[in-house]
Amino acid sequence: MSYVDEVIERVVRENPNEPEFHQAVKEVLESLRVVVDANEEKFRKDALLERLVNPERQFKFRVPWVDDKGQVQVNTGYRVQFNSAIGPYKGGLRLHPSVNLGIIKFLGFEQIFKNSLTGLPIGGGKGGSDFDPKGKSDREVMAFCQSFMTELCKYIGADTDVPAGDIGTGAREIGYMFGQYKRIRGVFEGVLTGKGLTYGGSLARTEATGYGLLYITQEMLKSKGMSLEGKTVVVSGAGNVATYAIQKAQQLGAKVVTCSDSTGWVYDPDGIDVAALKEIKEVKRARLTEYKNYRPNSEYHEGKGVWTVKADIALPCATQNELGIEDAKTLVANGVIAVAEGANMPTTMEATEYLQKNGVFFLPGKAANAGGVATSALEMSQNSERLSWTFEEVDSKLQGIMVNIFHNLDDAAKKYGFEGNYVVGANIAGFEKVVDAMNAQGIV
Ligand code: NDP
């Protein structure tokens, strides 16, 4: 049995009930086969892949808090510190009822390669809790965040592990967590990113993931002699990534006709109204059913459906496994040119392969949504030098990073004979740097 197959089998056997983690490991290791096969003897002897798929350390902890009725609630908190070969652990905190250890491990594993691809010195980690901020009062969210950080603060720090936002963790949650960290540890340091602008946050961090997604999509289209100008785009999600992806796509001359949330989706033939979307989701924290009040010409549908709308470009920006094989077939039948993942692993492996086989340009999340973590690393740099850069400065660095990422993965794909396969290109480009650093640091 090949080394790759052996390690995949071992991961499945030793981590039962973690299907998302298995999926992420399989996807990455399958695409690294060409590199691993060429170095099989050395990698095997060093147990390189076993070390790569085993987190350096992981924490699971109780998070008790009191709700508005005086009832004690108990959630579970996680932090997985996956790989620090190239820098302090870096990765978001997800607050969503679906969170479990397998999901955090899949995200942490992917984060290693994503962070490497940015070219910045950040290792891979991820955390979160099964707490659902939806429907909770501000006081309840604060009580949860304070309890969560009371435990988490023992394991993180500006030079060891720097968490950020993710699904369910926005500016409000980061603020409460930062306050509690400072109170307990007694230090004002850049221990979290995605902070508010008045206490160490970076301009353009809010926009970074969505903007970065469009910068890399634009660079990929440019390499094919195309552009975003005049293209029709379908987007899923209505959160941080989706909102700023829609905004930047429109600025670059495309028309975005859909968005969605966990209960339904919107079709707006005139193009999504970003100001309305922000008011509904960021200010009112309401459902997309409200969108029709702002745009009477739009349609609201219950359930899933954005991938049924005819478009040139599809940008999944909600959550994992939201674009399956049937969706991929519909997109191809409707003539889609490119799919770029704003979310983490939103496309199933089967759907990804189908899209690639049918000539669709496919940019995987670990490259396409790396703008968020890259800008988080820029926030760390600003915190370290106790300075704040202008929006334009951060945005132009972000553009440079995304353009570089595209060329790195394009070159890696070409070098190993997989021209145009950006999944293989991204995994190899991310992997090579991490492996080099791991080898240099000995067996640790
Ligand atoms: P948000 O919480 O801001 O938004 C998530 C959106 O997706 C919401 O519209 C939400 O609906 C919807 N959603 C969440 N879970 C589900 C589900 N199970 N089924 C259907 N819809 C769902 O999160 P972000 O925009 O920050 O994150 C979106 C994705 O992007 C995630 O995969 C995240 O890991 C990834 N990502 C985020 C980065 C960032 O900087 N924020 C960086 C890199 C990746 P509702 O409004 O109903 O809650």
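Whatever order the structure lists ligands and atoms in, that order sets their numbers, starting from 1.
- A cation-pi contact, defined as under 6.0 Å to the ring centre and within 45° of the axis, is absent between Lys154 and Phe61.
- For an aromatic pair to be called close, the ring centres must be under 6.0 Å apart, and Tyr89 with Phe82 fails this.
- Using a 4.0 Å cut-off to heavy atoms of Thr319, the atoms of ligand 1 that qualify are 15 (N), 16 (C), 17 (C), 18 (N), 19 (N).
- Here is the list of ligand 1 atoms found below 4.0 Å of a heavy atom in Ala343: 29 (C), 30 (O), 32 (O), 35 (C).
- Not a single heavy atom of Ser98 sits under 4.0 Å from any atom of ligand 1.
- Counting only heavy atoms of the protein, atom 37 (C) of ligand 1 lies nearest to Val241 CG2, 3.4 Å.
- Between atom 35 (C) of ligand 1 and the options Leu277, Asn344, Val373, the minimum heavy-atom separation is to Asn344.
- Contact annotation: Gly168 has at least one heavy atom less than 4.0 Å from an atom of ligand 1.
- Contact of the Leu52 side chain with the Phe431 side chain is registered, since non-hydrogen atoms from C-beta on lie closer than 4.5 Å.
- Considering only non-hydrogen protein atoms, atom 28 (C) of ligand 1 sits nearest to Ala318 O, 3.2 Å.
- A ring-centre distance under 6.0 Å is found for Phe188 and Phe178.
- Close approach to Arg94 involves these atoms of ligand 1, each under 4.0 Å from a residue heavy atom: 31 (C), 32 (O), 33 (C), 34 (O).
- Taking the ring centre of Trp389 as origin, the terminal cationic atom of Lys397 falls inside the region bounded by 6.0 Å and 45° from the ring axis.
- Each of the following atoms of ligand 1 lies closer than 4.0 Å to a heavy atom of His96: 15 (N).
- The cationic atom of Lys105 (NZ for Lys, CZ for Arg) lies less than 6.0 Å from the six-membered ring centre of Phe21 and within 45° of the ring axis.
- Side chains of Asn240 and Thr206 form a contact here, defined as non-hydrogen atoms less than 4.5 Å apart.
- Nearest heavy atoms, Gly157 versus Glu189: CA-OE2, 3.7 Å.
- Annotation: atom 34 (O) of ligand 1 to nearest protein heavy atom, Asp166 OD1, 2.6 Å.
- Residue contacts with ligand 1 for Ser236 are absent, since no atom lies close enough (heavy atoms, distance under 4.0 Å).
- Protein heavy atom nearest atom 4 (O) of ligand 1, with residue, atom name and distance: Gly239 CA, 3.2 Å.
- Annotation: Gly165 places no N or O atom under 3.5 Å from an N or O atom of ligand 1; distance criterion only.
- Between the side chain of Ser147 and the backbone N or O of Ala143, no donor-acceptor pair lies under 3.5 Å.
- A cation-pi geometry, defined here as NZ or CZ lying under 6.0 Å from the six-membered ring centre and within 45° of its normal, holds between Lys224 and Phe361.
- Looking at Gln111 against ligand 1, nothing comes within 4.0 Å, counting heavy atoms.
- Between Arg295 and Val266 the shortest side-chain heavy-atom distance does not fall below 4.5 Å.
- Taking every non-hydrogen atom of Arg205 and a distance limit under 4.0 Å, the qualifying atoms of ligand 1 come out as 40 (O).
- Under a 4.0 Å N-O distance rule, the pair Lys366/Glu27 qualifies as a salt bridge.
- The option with the heavy atom closest to atom 3 (O) of ligand 1, from among Ile167, Leu107, Leu213, Asn240, is Asn240.
- The six-membered or imidazole ring of Phe406 lies near that of Tyr422, with a centre-to-centre distance under 6.0 Å.
- Considering backbone and side-chain atoms alike, Lys281 places an N or O below 3.5 Å from some N or O of ligand 1.
- Protein heavy atom in closest approach to atom 22 (C) of ligand 1: Ser262 CB, 4.0 Å.
- Residue Ser260 touches ligand 1 through its backbone alone, judged by heavy-atom distances below 4.0 Å.
- Using a non-hydrogen distance threshold of 4.0 Å, Arg287 registers as a contact of ligand 1.
- Residue contacts with ligand 1, taken as heavy atom pairs separated by less than 4.0 Å, involve Thr209 solely via side-chain atoms from C-beta onward.
- Distances between N or O atoms of Ala238 and those of ligand 1 include at least one value under 3.5 Å.
- At a 4.0 Å heavy-atom cut-off, ligand 1 does not touch Glu322 at all.
- A salt bridge is defined here as a Lys NZ or Arg NE, NH1 or NH2 lying under 4.0 Å from an Asp or Glu carboxylate O, and Glu207 with Lys248 fails to meet this definition.
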